[in-house]
Amino acid sequence: PAQIDGICSGKVRVEVKHAAGKTVTDAKVLVDYGMPAMPGHPAMGYKTDAQPKGGAYQAVLNISMKGPWTVTVRITHAGKTASARFTVDV
C-alpha cells in the first residue's frame, strides 16, 4: 500500500480459475469494500470493478482511515456468481 495525503491506496489481485484449474479470463469481478459506522464517523462503502491484467483481475482500493475494512469479491461467470469475504486491518 502507498500512503498519499492520509489515504492508503492498495491493489487487490484476484485469480479466477475453473474447478479443473484453468484460468478464467472473461469473468466480471466486483470488489465491494467498506467500514461500519463508528462513533463520530458514518459507515463507508465503496465498489470498484477489477480489470483483467496479466492472467488475473486487479483493482485499486482507496482506504480513507485506519481500522478494519471488510472486502467482498464477487465473481460472475457463465451466469453464476461466487463471492469471498475477508477483513483487512489498515
Side-chain angles (χ1 to χ4, degrees):
Q3 190 74 26
I4 304 168
D5 295 331
I7 297 173
C8 177
S9 178
K11 292 179 183 175
V12 172
R13 185 173 189 270
V14 178
E15 292 184 14
V16 181
K17 297 187 179 203
H18 290 281
K22 184 179 177 188
T23 300
V24 175
T25 58
D26 60 342
K28 177 174 172 48
V29 179
L30 175 72
V31 181
D32 185 356
Y33 62 105
M35 179 181 259
M38 292 187 252
H41 293 282
M44 292 179 270
Y46 307 96
K47 292 181 182 182
T48 186
D49 289 318
Q51 302 300 317
K53 185 171 183 179
Y57 296 82
Q58 186 170 296
V60 175
L61 307 185
N62 294 308
I63 306 295
S64 58
M65 66 183 300
K66 291 182 179 182
W69 286 76
T70 301
V71 179
T72 303
V73 178
R74 287 185 181 79
I75 301 162
T76 303
H77 180 257
K80 296 181 181 179
T81 300
S83 64
R85 185 178 196 164
F86 52 95
T87 301
V88 176
D89 287 317
V90 177

Would you mind writing out the side-chain donor-acceptor pairs for residues 75-90 within the sub-3.5 Å range, not counting sequence neighbours?
from	atom 1	to	atom 2	distance (Å)
T76	OG1	T81	OG1	3.1
H77	NE2	D26	OD1	2.8

Applying side-chain contact (heavy atoms from CB on, under 4.5 Å), can you list everything that pairs with [X], at least two apart in sequence or on another chain?
{"X": "T23", "result": "K17, T25"}
{"X": "Q58", "result": "K11, K53"}
{"X": "P42", "result": "none"}
{"X": "K66", "result": "none"}

From OH (Y57) to CD (Q51), nearest 0.5 Å
10.0 Å
For the student: nearest non-hydrogen atoms of R13 and G54, plus distance:
NH2-O, 3.4 Å
Which atom pair, heavy atoms only, marks the closest approach of T48 to V60?
CG2-O, 4.1 Å
Are the side chains of L61 and Y46 in contact, using a 4.5 Å heavy-atom criterion?
no
Applying a strict under-4.5 Å side-chain criterion to I, L, V, M, F, W and Y, I'd like to know whether L30 and V71 cluster together.
no
Report, one line per pair, each donor and acceptor closer than 3.5 Å where one atom sits in a side chain of residues 32-39; sequence neighbours left out.
from	atom 1	to	atom 2	distance (Å)
D32	OD2	R74	NH1	3.4
Y33	OH	N62	N	3.1

